[in-house]
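Scroll down for the structure; my scribbles are underneath it.
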Amino acid sequence: MTRVGLVLGAGGVVGQAYHAGVLAVLEHDFGFDPRSADLIVGTSAGSITGTLLRLGVRAEDLAAWTVKAPLSGDGDLLRQIADTEIPELAPFRPVELLRLPMRLPAVGMVQRALTRPWRFRPLAAAMALAAPGRRDITEQLAALRELERPGWPEDPLWICAVHRHDGRRVVFGRPGTAAPPIHLAVAASCAVPGYFAPVEINGHTYVDGGAHSPTNAALLRGGGFDLAIVVAPMSGPAGRSLSVYAAARRHSARLLRQEVRALEAAGIPTVVFTPGAAEQEVMGDDMMARHRLDEVIQQSFLAAGAHASRPEVGELIRSASAGG
């Protein structure tokens, strides 16, 4: 049996569409069912996609549902929420977040920086210290709450968030870690600092897991995996642009390279999907925008198909399909 770890990265509403396009081509053209992954690691938007997969939603139905197209015969779960109204989101402008006031660090964050500097990420700490956003992420996830079942999904699902008190990463669903109601874990993972309000779980507050890493792919190390598939909407070449959005892509790409090196050093072959120039053009610079999701899915489907058709990539994916 081929053990496969599937990593679904951050990227907002647009990132979910990118996931849908990539996963649909893996399912449709290469016979790899993302639901069969031995572990799904989801961060922010990836936590939503990963949860839907663990609830039994097919990748092709994820794509169809996103653009309001007809669902397959297996799409009953999504039909339950097809008419659920999702509140519109204001544009996401990173420059505005940089202007927000920051609170003073708590004692726990200072202690962690001094005692474990090798694990301390200044950017994650800075984002945890950002003034709370005023939007309620749980309103956006009302449909997911309707689908929620008692307990955590049986098949392994790890959802990444950042503890606001000390800036450390928390992985909900990992053995030894709390498994709260899944819609709250997803909400915590999606709570973009300064844009959404932090999410409280059992007396602790959390913000977006992308503050630590937009992918958190290195979590697969030590899991005995034969293949890692990473879908990273926030990475990819940023060109020469000097915008904040381009800088975020460069940061994400740098962390992803480090994580891929760590996986390959552990003997885990890794297939990575990131948006190229054509996908980035249709994705735009507002990750909360919904008006071009059909174009994002179409472009990501085509680009992912071309990438997966490369002999060295396709062989790995087909081995996962045959072995899973």
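Residue numbers count from 1 along this sequence. Because the structure is predicted, anything quoted here is derived from the model rather than measured.
When hydrophobic clusters are built by joining Ile, Leu, Val, Met, Phe, Trp and Tyr residues whose side-chain heavy atoms come closer than 4.5 Å, directly or via intermediates, M234 is not grouped with I159. Residues V171 and W152 do not share a hydrophobic cluster, clusters being chains of Ile/Leu/Val/Met/Phe/Trp/Tyr side chains in contact below 4.5 Å.
Residues A185 and P180 approach most closely at CB-CG, 4.0 Å, considering heavy atoms. Contact record, Y206 with A161: CB-CB, 4.2 Å, taken as the closest heavy-atom pair.
More than 12 heavy-atom neighbours from other residues, nucleotides or ligands sit within 6.0 angstrom of NE2 on H307. By the 6.0 Å contact criterion, CD on E264 is enclosed, its count of non-hydrogen atoms from other residues, nucleotides or ligands being greater than 12.
By the 4.5 Å heavy-atom criterion applied to side chains, S235 and P214 are not counted as neighbours. R164 places none of its side-chain heavy atoms less than 4.5 Å from the side chain of P193. Taking the side chain as every heavy atom from C-beta outward, T51 and L157 approach each other to under 4.5 Å. L26 has its side chain within reach of I317: a pair of non-hydrogen atoms, C-beta onward, lies under 4.5 Å apart. Residues T270 and L220 form no side-chain contact, since every pair of their non-hydrogen atoms from C-beta on lies 4.5 Å or further apart.
The main-chain N or O of G9 is found under 3.5 Å from a side-chain atom of H19 such that the two form a donor-acceptor pair. Between the side chain of R221 and the backbone N or O of A265 there is no donor-acceptor pair closer than 3.5 Å. The closest donor-acceptor contact from the side chain of E27 to the backbone of E60 lies under 3.5 Å. A distance-only check finds a donor-acceptor pair linking the side chain of R54 to the backbone of R35 [under 3.5 Å]. Looking only at distances, no side-chain donor or acceptor of E295 sits under 3.5 Å from a matching main-chain atom of V282. R249 places no side-chain N or O within donor-acceptor distance of the main-chain N or O of G236, the cut-off being under 3.5 Å. The main-chain N or O of G210 is never found under 3.5 Å from a side-chain atom of S213 such that the two would form a donor-acceptor pair.
Taking NE2 of H183 as the reference point, atom CD1 of I137 lies at 11.5 Å (rounded to 0.5 Å). For the atom pair CH2 of W158 and CG of N216, the computed distance is 11.0 Å after rounding to the nearest 0.5 Å. How far CZ of F225 is from CD1 of I268: 7.0 Å, rounded to the nearest 0.5 Å.
Screening V271, L256, T274 for a side-chain contact (heavy atoms from CB on, under 4.5 Å) involving V230 leaves a single residue, L256. Screening I48, V41, T49 for a side-chain contact (heavy atoms from CB on, under 4.5 Å) with L8, the sole residue that qualifies is T49.
In this model, no donor atom of one side chain and acceptor atom of the other lie less than 3.5 Å apart for D226 and T2.
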